[in-house]
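Read the structure below first, then the notes.
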Amino acid sequence: MRIGLLYPEWTGAYGIMGYFARRNSTWPPLNLALIGAILEKCGHDVFIIDGQYEGLSPEKLAAKAVAKNPRLIGFTATSPFFGHQRLVAEEIKRIAPNIITVVGGPHVSIVKQEALLNCFDYGFVGEVEKTLQQFLQELEGGRDVSHIKGLLFKRDGQVIFTGDPQWEEDLDSLPFPARHLLPMGGYRLGTLQGRLSFTSIQMTRGCPWKCIFCASENLNTTLVRRRSAEKVVAEIEHVVDTWGIRHFYFVDDVLTLHEEHILEVCDLIEQKKLRITFEGSTRANLINEASVKRMAECGLIRLSFGLETVDTEMRKTMKKKVPLQHYVTANKLLNDYNVEALNSVMIGLPGETRETIKKTLDFLANTREVKQANLAIAVPYPGTELHHMAATGEHGIKLLSDDFSKYRRYGTAVTEVNGLTPKDLVELQNEGFVRIYSAPWRWRPMFGKHGVIGALLMLLRVGRLVVQKAVRRAFGDWQPPRLATNAGSLPAGHLGSPKSPNF
Ligand code: SF4
């Protein structure tokens, strides 16, 4: 069967933010490439169109896909991206109503029946590696699909859910993602070592913790499974040999969850003389000097942490369970080994007040070990405990919108907390941005990552916010003319990635 897998463009509407997102974080849709590989293995004829990479509008993406004459088109989406997929699917149904459209991913897995809009014929809940193959077999044979677990479909005006699907226990049995279906070589990540041609890769699925802003429990991803070090390194070697790409982003939730495992990967990278660089995310208490030294020797150039807030009570509420002092130690350790450290910080979490935000910003302003920080507004994604807290008004947080397309971390907010309105949160995010990036010792990393144009845009933004604040102090609420952007602060981190597309 001819099958198209589509990834829509999402940065076009974000003005200056779109510049940074495109420049630093145009990510290969690894999830689609893995599905593509599984389908190719079953004999299907698959194509992927990365609308973000190609800069295609929903209409152009739909037209391009339809022109390739597929029988089925698939999408996968998180909540904030679901609206983008919907626009493309609606256009496909308008111009080619006979093409079967299917949708899966975290948003469908959380909201289930609600996601099966008229533009989608079938929905897939949970992991699709097994269910999609069964589904296509039955579809090609003209047989009933209602016995397949994990499926959403319509019957007599009702949306039927067939129950939770089986999970893939043995990740080593999966093929390497079909990267040959992607514009490899075109994906670049801004790092302190320049803009590196890269690909993403997965070693582990899942994370045992249950932070309130993460849907891990609802998505059943607290169950941790991992690929063998041999398989991971064989995939790295395959990418190096085939495309000459030497930077790898591990999309694992916690790269150093099993220290011995990542160190085994490092040993194999060294044995095979692969000369690559890599990066990932972890928790600040899950690294130590020996592991950082070894990972840096084998190519680690960046680690990201979720610092979130410095307020002790709020840290308890968000169930992060990593003592604050670990962040200072971990940042210092990475600085010592010349590994870039990225820290994600959030404002607007349950219990937040002006004072707690000030405490966090003071910490960032005064802690020289922390070279880079990314200040986001907490978003109550569906399926998270944070969403439940906001919906029920716990710890002073209140949900103001169910429109998931507005669930972005920068320049907008869908909650208020303890009297801080969305406008207040955006202003505080902007102020935080100024405080973080007006420190001269943070300018070098900024130039290194964003290039001259990007850094100048950032400095322009800082300058504008400083002027805006001074004017407001002097004259009240008058504002100087806006730059051509609808953006709030400018993040340094990973925007809109398929790993974490919650921009
Ligand atoms: S936020 Fe990170 S550490 Fe917390 S539960 Fe989610 S994946 Fe795990």
Side-chain angles (χ1 to χ4, degrees), residues 27 30-31 78-80 105-107 109-110 126-127 167 171 200-227 249-259 261-262 279-287 291 302-312 314-324 326-327 330-331 341-352 360 373-390 395 397 407-409 491 493-503:
W27 289 65
L30 188 70
N31 41 9
T78 55
S79 297
H107 183 72
S109 301
I110 294 284
E127 292 183 351
W167 293 73
L171 297 188
S200 40
I201 190 165
Q202 185 165 48
M203 177 174 71
T204 311
R205 280 189 192 175
C207 162
W209 291 284
K210 298 173 185 174
C211 303
I212 60 166
F213 39 79
C214 189
S216 56
E217 194 166 16
N218 248 312
L219 290 170
N220 271 333
T221 51
T222 49
L223 169 75
V224 178
R225 291 154 296 159
R226 64 190 197 190
R227 300 168 72 201
Y249 188 103
F250 280 91
V251 296
D252 304 32
D253 288 328
V254 190
L255 182 69
T256 57
L257 180 61
H258 304 116
E259 184 187 289
H261 197 55
I262 182 67
E279 64 178 296
S281 310
T282 192
R283 290 162 67 101
N285 58 340
L286 291 181
I287 57 171
S291 65
R302 177 159 60 190
L303 263 186
S304 305
F305 306 117
L307 191 157
E308 322 308 1
T309 174
V310 303
D311 184 80
T312 313
M314 287 171 63
R315 292 184 70 79
K316 272 190 208 150
T317 306
M318 72 178 183
K319 299 185 182 164
K320 189 76 190 193
K321 296 186 178 163
V322 180
L324 186 63
H326 283 283
Y327 291 92
N331 273 271
L342 276 182
N343 300 270
S344 298
V345 179
M346 276 191 218
I347 61 171
L349 284 162
E352 192 83 278
T360 299
N374 171 22
L375 189 64
I377 295 176
V379 180
Y381 295 113
T384 62
E385 194 177 342
L386 176 58
H387 190 272
H388 176 75
M389 283 180 175
H395 299 279
I397 189 165
Y407 281 35
R408 297 186 221 148
R409 294 183 291 169
H494 314 294
L495 299 178
S497 73
K499 179 197 172 192
S500 176
N502 46 1
F503 168 61

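Whatever order the structure lists ligands and atoms in, that order sets their numbers, starting from 1. From a predicted model like this one, the values you see are computed outputs, not experimental measurements.
The nearest protein atom to atom 4 (Fe) of ligand 1, hydrogens excluded, is given as C211 SG, 2.3 Å; this is a heavy-atom distance. Remark: minimum distance from atom 8 (Fe) of ligand 1 to any protein heavy atom is reached at C207 SG, 2.2 Å. If you check which protein heavy atom lies closest to atom 6 (Fe) of ligand 1, you get C214 SG, 2.4 Å. Protein heavy atom at the shortest distance from atom 5 (S) of ligand 1 is W209 O, 3.3 Å.
Cation-pi contact between R205 and W167: absent, since separation from the ring centre below 6.0 Å together with deviation from the ring axis within 45° is not met.
Contact record, A378 with L386: CB-CD2, 4.2 Å, taken as the closest heavy-atom pair.
With values rounded to the nearest 0.5 angstrom, N31 atom CG is found 12.0 Å from E127 atom CD. How far SG of C214 is from CG of L219: 7.5 Å, rounded to the nearest 0.5 Å. Between atom CZ of residue R283 and atom CG of residue L307 there is a gap of 12.5 Å, rounded to the nearest 0.5 Å.
Counting heavy atoms from C-beta outward, I262 and L255 have side chains that approach closer than 4.5 Å.
Applying the 4.0 Å criterion to heavy atoms of R283 picks out, from ligand 1, the atoms 3 (S). Taking every heavy atom of F213 and a limit of under 4.0 angstrom, the matching atoms of ligand 1 come to 1 (S).
Counting only heavy atoms, the protein never gets under 4.0 Å from atom 2 (Fe) of ligand 1.
Using a non-hydrogen distance threshold of 4.0 Å, S216 registers as a contact of ligand 1.
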